[in-house]
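Remarks on the structure that follows.
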Amino acid sequence: MDIFVHETTKTFHLQNDLISYVMTVLPNGHLGQLYFGKRIHDKEDFGYLLERCIRSHSALTEDNETGVSLEHVKLEYAVYGSSDFRDSALEIVQENGSRLTDFKYAGYELLAGKPKLPGLPATYTESDDEASTLIITLRDEVAGLSLQLLYTIFAQGGVIARSAKISNTGKQTVYLTRAMSFCLDLPDADYDWIQLSGSWGRERYPQQHRLHQGIQAVESMRGHSSHQHNPFIILKRPSADEFQGEALGFSLVYSGNFLAEAQVNTYDVTRVLLGIHPNWFRWKLTCGQEFQTPEVVMVYSGDGLNGMSQTFHRLYQRRLARGIWKEQPRPILINNWEATYFDFNEEKILNIAKKAKECGVELFVLDDGWFGARRSDHAGLGDWVACKELLPNGIKGLSEKVTEAGMKFGLWFEPEMVNPDSDLFRTHPDWALSIPERSSSLGRHQMVLDFSRKEVVDFIHDMIAEILRESKISYIKWDMNRSITECYSKALPADQQGEVFHRYILGVYDLYERLIQEFPKILFESCAGGGGRFDAGLLYYAPQAWTSDDTDAVERVKIQYGTSYAYPVSSMGSHVSAVPNHQVNRVTPLKTRADVAYFGTYGYELDLNRLTAEEQEEVKQYTQFMKDHRALLQFGTFYRLQSPYGKNEAAWMTVSEDRTEAIVGHYKTLSTPNADFSRLKLQGLDPEKLYEVEGYGSFYGDELMNLGIVTSDADSGKIGMEVRPAGDFLSALYILKEKK
């Protein structure tokens, strides 16, 4: 890992064993992009990569001898209006109404390790030798503005983290109307674009198409990263697949409104932008103030999409998630939501917990409905005091009883929301986001609290912290069940209303941080009506997230498969739920539900008392299997093997770091009469090792990767000495261990 600075040519080269990133100062003082990709040798001058030809109808920044047409060069952090007509990374409105800025190179700084981003989640280092950081400073003397571009290259993996900081060093107040986290100009457009999109109950399905001239983008304007689109995109070469070829991944470490965009000009140069959505964003920057953008993590892989994903997984598990839980296997839990909804009391809860304990479950989680007047979703949000009619001993007493029974206790909160029918709203109606003299939209009969206001965050913090201090709580499920509408804060003046969306997310981060610091042993799981805020920003605070409200095993294969493009298995909340499934009414075998949920944090979303004695015995077996293998399942190297989208079969696997063991999950949706024979080629094994495949025999790693496992079932006739069952919604696990 090195950062080379060549003073003579004003060239910067970030390099580790896998990647290189090269940029240079242009003749007009702007910063130009030269290369991002597979590692290359360093040298003094890469100037041949700077193509400055003057095309017809070009505008030049200076005269014909020294001028540059910014429209036709690749830039590091572009601005619009001075010969570049593409979308910009930065736009600042000045007192005279001008939006033009002219940031020129002023210097650089090299740091060992990685600096924190104040108030924002970001990747980090635990020692200075893990990464090096380059900070390049550019200045606009006329506007009195300073721009710092931060680049951190990690020693391990094809990873660079980028962000920007804008400082007002002048005498006038300015307004940021666009401040993207990064800009990257690529020399061609020969890429496939992949985004993760969907909606509630079908989040993060990969959508793929070729880049084309013009703009392609995904975004959220909902106040959160959203069920609809994820703040993550991939550009891969058309020939690349899961196992080979070049892929670039871009992940925004942020949980609010975002824009991810690729703009291809008519010369097939591609500009990638990712950051806070500029719509409804207007940040007042007075003299002496600064604005830090969220971080973007860029990953280059020459080993296909799996290689890219594995780089994200390792980084996010080890250097984005924090605290004692980041690399610790997660407790097996049971949540009462789909078991009871709002219809429960202490006796019913303890009966569910008792049966779960008998089945080996380690953690009971009490979901919505335990507080205030919360007998439905019409009332009570914001009144975080236990209802004594339901829980006569309060949360304190219930948590003690569950703990005494030999289980840990967890609790559901939705701290960012308020029902109009609540004591909190009746006392502080101005604390809800709403526009004076306008009607307010409701979602799930609730409004959004104004977390841009410190007094609101303080009040909610104090209520939650009081419960956590007096009770025996090991886990918090933090929910958020609606998007932001009528985004207006009654505490900010008119010229700062464009700050509310971002200030709201900063308030969410602040509450998380304060609770984490005071209660470092609690495991936090984020949730937003399921997967509506499953993003890298929240992984910094909550190392796992409820992947989707859709708990159906068939649908979860698709949801978890798509999620794995960016996020590790250890971050995916996954439960076995009742059938018929509450979201899609499908009936799937208990084994299939478990085989899917294993590849996540694993838990139960049902009342085990309602299962037959035979099913309860199955649950005990499945729970023990997860205990025996959860470190491998949650923290092994994960490979996607067969895509479920539009197909009848899907498969994935996880391999231990030393490649001595692996677990493969194979899933078949529908039975097929007189089906083809099928094999599944594995990945990531040691070709020289001999593996015992439990129940099937011994095979060398090269056999399993080049010939594969025979996965044909009774639909294809008799296989060897065994006929595997056929039917709808079936699954199989293959357990591999090195044979000594």
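Fair warning: this is a prediction, and the values are worked out from it, not measured in the lab. Hydrogens, waters and symmetry mates are skipped; everything else that's a heavy atom, side chains included, is used.
Shown are Ile735, Leu680, Leu733, Thr654; of these, the side chain to side chain contact (heavy atoms under 4.5 Å, CB included) with Val664 is made only by Leu680. Put simply, the residue from Gln624, Glu618, Glu617 that forms a side-chain hydrogen bond (donor to acceptor under 3.5 Å, both in side chains) with Lys620 is Glu617.
One side chain, Asp535 or Ser255, offers a donor N or O that lies under 3.5 Å from an acceptor on the other. Between the side chains of Ser225 and Ser220, no donor-acceptor pair of N or O atoms lies under 3.5 Å. Side-chain polar atoms of Asp552 and Gln583 form no donor-acceptor pair below 3.5 angstrom. A donor-acceptor contact closer than 3.5 angstrom links the side chains of Arg222 and Ser483. Between the side chains of Asp367 and Asn335, at least one donor-acceptor pair of N or O atoms lies under 3.5 Å. Asn481 and Glu414 share a side-chain donor-acceptor pair at under 3.5 Å. A donor-acceptor pair shorter than 3.5 Å cannot be found between the side chains of Arg319 and Thr123. Of the N and O atoms on the side chains of Tyr734 and Glu694, not one donor lies less than 3.5 Å from an acceptor on the other residue. For the residue pair Gln317/His313, the side-chain donor-acceptor check at 3.5 Å is not satisfied. Judged by distance alone, the side chains of His229 and Ser197 do bring a donor and an acceptor atom under 3.5 Å apart.
Taking the centre and axis of the six-membered ring of Tyr191, the NZ or CZ atom of Arg210 falls outside the cone set by 45° and 6.0 Å. Figure legend: cation-pi geometry between Arg630 and Tyr602 absent, as NZ or CZ is not positioned both under 6.0 Å from the six-membered ring centre and within 45° of its axis. In this structure, Arg482 is not positioned above the aromatic face of Trp200 in the sense of NZ or CZ being under 6.0 Å from the six-membered ring centre and within 45° of the axis.
A donor-acceptor pair is defined here as one N or O able to donate and one able to accept, closer than 3.5 Å; no such pair exists between the side chain of Asp549 and the backbone of Gly201. Judged purely by atom type and a 3.5 angstrom limit, Ser678 uses its side chain to pair as donor or acceptor with the backbone of Ser712. When atom types are taken as modelled, the side chain of Ser656 and the backbone of Thr660 share a donor-acceptor pair closer than 3.5 angstrom. Checking side-chain atoms of Gln310 against main-chain N and O of Tyr639 turns up no donor-acceptor pair under 3.5 Å. No donor-acceptor pair under 3.5 Å is formed between the side chain of Lys681 and the backbone N or O of Gly708. Side chain of Arg679 to backbone of Ile709: no donor-acceptor contact under 3.5 angstrom is found. In this structure, the side chain of Thr592 engages the main chain of Phe729 through a donor-acceptor pair within 3.5 Å. Within the 3.5 Å criterion, the main-chain N or O of Ala247 finds no donor-acceptor partner in the side chain of Ser301. Of the possible donor and acceptor atoms, none in the side chain of Glu416 sits under 3.5 Å from a partner among the backbone N and O of Val508. In this structure, Arg556 contributes its side chain and Ser548 its backbone to a donor-acceptor pair below 3.5 Å.
Taking the six-membered ring where the residue is Trp, the centroids of Tyr565 and Phe232 are separated by 6.0 Å or more. Less than 6.0 angstrom separates the ring centroid of Trp478 from the ring centroid of Tyr512. Here the two rings, on Tyr541 and Phe524, have centers that are 6.0 Å apart or farther. His582 has its ring centre less than 6.0 Å from the ring centre of Tyr341. For Tyr475 and Trp412, the ring centers sit 6.0 Å or farther from each other. Aromatic pair Phe312/Tyr567: ring centres not closer than 6.0 Å.
Rounding to the nearest 0.5 Å places OG1 of Thr588 at 7.0 Å from CG of Asn581. One finds the CD atom of Gln208 at 12.0 Å from the OH atom of Tyr645 (value rounded to the nearest 0.5 Å). Between the OH atom of Tyr691 and the CG atom of Asp686 there is a distance of 5.0 Å, given to the nearest 0.5 Å.
A 4.5 Å side-chain heavy-atom check between Met221 and Asn279 finds at least one atom pair inside the cut-off. Under the 4.5 Å side-chain criterion, counting only non-hydrogen atoms from C-beta, His629 is in contact with Ile663. Side-chain contact between Met626 and Leu633 is present, with at least one heavy-atom pair separated by less than 4.5 Å. Using a 4.5 Å cut-off on side-chain heavy atoms (C-beta onward), Gln544 and Ser570 make no contact. Between Ser716 and Asp676 there is no side-chain heavy-atom pair separated by less than 4.5 Å. At least one side-chain heavy atom of Tyr561 sits under 4.5 Å from a side-chain heavy atom of Ser643. Looking at Leu196 and Thr563, their side chains never come closer than 4.5 Å, going by heavy atoms from C-beta outward. The closest side-chain heavy-atom distance from Pro238 to Asp190 is below 4.5 Å.
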* **Residue pair Trp193, Gln216: steps toward the side chain to side chain contact (heavy atoms under 4.5 Å, CB included) verdict** => CA-CA 9 Å; Trp193 160 288; Gln216 38 258 285; 4.1 Å; yes
* Kindly determine whether Leu606 and Glu338 satisfy side chain to side chain contact (heavy atoms under 4.5 Å, CB included), including the steps that lead there. => CA-CA 6 Å; Leu606 73 169; Glu338 290 190 13; 6.0 Å; no
* side chain to side chain contact (heavy atoms under 4.5 Å, CB included) between Leu611 and Gln616: does it pass, once the steps are laid out? -> CA-CA 6 Å; Leu611 301 185; Gln616 290 178 15; 4.0 Å; yes
* Given Val159 and Val297, is the side chain to side chain contact (heavy atoms under 4.5 Å, CB included) satisfied, shown in steps? -> CA-CA 7 Å; Val159 182; Val297 175; 3.8 Å; yes
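Environment of NZ in Lys737: sparse, with no more than 12 heavy atoms of neighbouring residues, nucleotides or ligands closer than 6.0 Å. Atom CG of Asp658 is surrounded by more than 12 heavy atoms from other residues, nucleotides or ligands within 6.0 Å. A 6.0 Å sphere centred on CD of Gln156 holds no more than 12 heavy atoms belonging to other residues, nucleotides or ligands.
One finds no salt bridge joining Asp728 and Arg586 here, because no Lys/Arg side-chain nitrogen approaches an Asp/Glu carboxylate oxygen to under 4.0 Å. The pair Lys408-Glu362 fails the salt-bridge criterion, with no side-chain N (NZ, NE, NH1 or NH2) lying under 4.0 Å from an Asp/Glu carboxylate O. Salt bridge status for Lys477 with Glu525: absent, with no side-chain N to carboxylate O gap under 4.0 Å. Checked for salt-bridge contact, Glu242 and Arg640 meet the test: a charged N lies under 4.0 Å from a carboxylate O. Looking at Arg202 and Asp550, no side-chain N of the basic residue comes within less than 4.0 Å of a carboxylate O on the acidic one, giving no salt bridge. Comment: Asp241 does not engage Lys236 in a salt bridge, judged by the lack of any side-chain N to carboxylate O separation of less than 4.0 angstrom.
The shortest non-hydrogen separation linking Ser181 to Leu252 is OG-CD1, 3.7 Å. Taking both residues in full, the closest heavy atoms of Leu259 and Ala217 are given as CD1-CB, 4.0 Å, listed atom of the first, atom of the second, then distance. Of all heavy-atom pairs spanning Leu641 and Gln683, the tightest one is CD2-CG, 3.7 Å.
The aromatic rings of Tyr667 and Trp652 lie perpendicular to each other, with more than 60° between the two planes, well past the 30° mark.
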